[in-house]
Number of protein chains: 2
Amino acid sequence: MTRDAADDIMAATHSALRNCGYAELTMQDIADESNLSKSALHYHFDGKHDLLVSFLEHLLDRFEERIADPEGETPAERLHSLVDTIVTPAEPTSDGFQTALLEIQAQAPHDEAYRERLERFDEAFVSQVRSLVAAGVEEGAFRADVDPDQTASLVATYLKGVRTRHVAAGHSLERSAAVIHRHIDDHVVAGENSVVTAE
Amino acid sequence: MTRDAADDIMAATHSALRNCGYAELTMQDIADESNLSKSALHYHFDGKHDLLVSFLEHLLDRFEERIADPEGETPAERLHSLVDTIVTPAEPTSDGFQTALLEIQAQAPHDEAYRERLERFDEAFVSQVRSLVAAGVEEGAFRADVDPDQTASLVATYLKGVRTRHVAAGHSLERSAAVIHRHIDDHVVAGENSVVTAE
């Protein structure tokens, strides 16, 4: 498969998931969004499941690039922009796509291939937050009593909840983002009070 | 419908969701778990969707009872047990049921009836945490600078993420619980440091 054909299929899968959701998605829906026929898709992939596993790997590559080098000069700025990378959708009309991703996540307990890729998203994000926090503590920008593992796990789990609450209960992404940004300012970033209480 | 028949149907729906998941669930699967025939189920409910909306309302009633009066003498104990109520599954083998619930949550953007019930779960929980935290601040058991809205939103969103991370990436419920318990001890409960820094 050429690079262009692969890019076309991944973009088509993205659109088809956004428009059709996960459960009802067919190879025909994906073909309809691409420049390829359904039989050409079947030539490259064993079926919808095989194609979606490749799509998750494609998303994982892009995700790792997006989180690799958060914008900002200080550790605090970099941690805040990492959070925004996750909370702010890449495109404003991507609610349908986020919903489809939640459907795929709900399949993970029955599906080892999905589970394995989803674990890698989780590990990539947790490990990036942990490094950022450890670096911030090291250089004195974050409170000395901040535990990078605890903070990484809190932030990663919280951000998973942001998506689920948004999809399930319509809770505003902006309000959820504000809460974690404030948590970071109040309890992670070193300030006058925190310098006093730091060990 | 008698109370017993209603209880039977709700228990059967619970088992059928746990065993079959949401997407593939049929009225026959629910009848198979109950003492009623499929046609008796159809007499009481317009179909699977109608039955599941009633099931969500039944869960909501039970959820509101479970969170209404958390165990413990002090505000800290009560907040910790409220968290445990959510994180600790009601039955140890309920992973299949939690996964089915996540599937239902992923349907909410397309389904106003589900959405409305899921919003009520969210509001019930947030409002309970907010009251507990406000009472704790009021009586000096929690730090004076703790904002009940901020804390309630952080805890509610985090706990949504606990479930999603567990289902999607197999992340341990116990480890997730430990992180939020520690957050509460470090940043919500009044201690020596926090008394110094409280306004």
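Residue numbers begin at 1 in each chain, while the letters A, B, ... track the order of the sequences. FYI, side chains are in, hydrogens and waters are out, and symmetry mates aren't considered; it's all heavy atoms of this structure.
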Between B:Leu102 and A:Thr164, what is the shortest heavy-atom contact and its length?
CD1-CG2, 4.0 Å
Is any side-chain heavy atom of A:His183 closer than 4.5 Å to one of B:Gln150?
yes
Among B:Gly161, B:Ala108, B:Ala168, B:Ala100, the residue with the most heavy-atom pairs under 4.5 Å to chain A is B:Ala168
Side chain to side chain contact (heavy atoms under 4.5 Å, CB included) evaluation trace for B:Arg182 with A:Asp147
CA-CA 11 Å; B:Arg182 180 166 161 197; A:Asp147 175 339; 3.0 Å; yes
Should we say atom CD of B:Glu77 is surrounded by more than 12 heavy atoms from elsewhere, each under 6.0 Å from it?
yes
When only pairs under 4.5 Å are counted, which of A:Leu159, A:Asp111, A:Leu154 shares the most heavy-atom pairs with chain B?
A:Leu154
Between A:Arg117, A:His187, A:Lys160, A:Glu103, which has the largest tally of heavy atom pairs under 4.5 Å with chain B?
A:His187
From A:Gln105 CD over to B:Thr99 OG1, what is the distance, rounded to the nearest 0.5 angstrom?
11.5 Å
Is it the case that atom CD in B:Glu71 sees more than 12 heavy atoms from other parts of the structure closer than 6.0 Å?
no
Counting heavy-atom pairs under 4.5 Å with chain B, which one of A:Leu118, A:Thr151, A:Val167 comes out on top?
A:Val167
Measuring only between side-chain heavy atoms, which start at C-beta, is A:His171 closer than 4.5 Å to B:Glu119?
no
Do B:Ile67 and B:Val126 land in one hydrophobic cluster if side-chain heavy atoms of ILVMFWY residues count as linked below 4.5 Å?
no
Should we count CD of A:Glu138 as having more than 12 external heavy atoms under 6.0 Å?
no
Option that, when pairs with chain A are counted at under 4.5 Å, heavy atom only, ranks first among B:Ser153, B:Ser176, B:Ala169, B:Ala178:
B:Ala169
Here the pair of heavy atoms bringing A:Thr157 nearest to B:Val162 is CG2-N, 3.4 Å
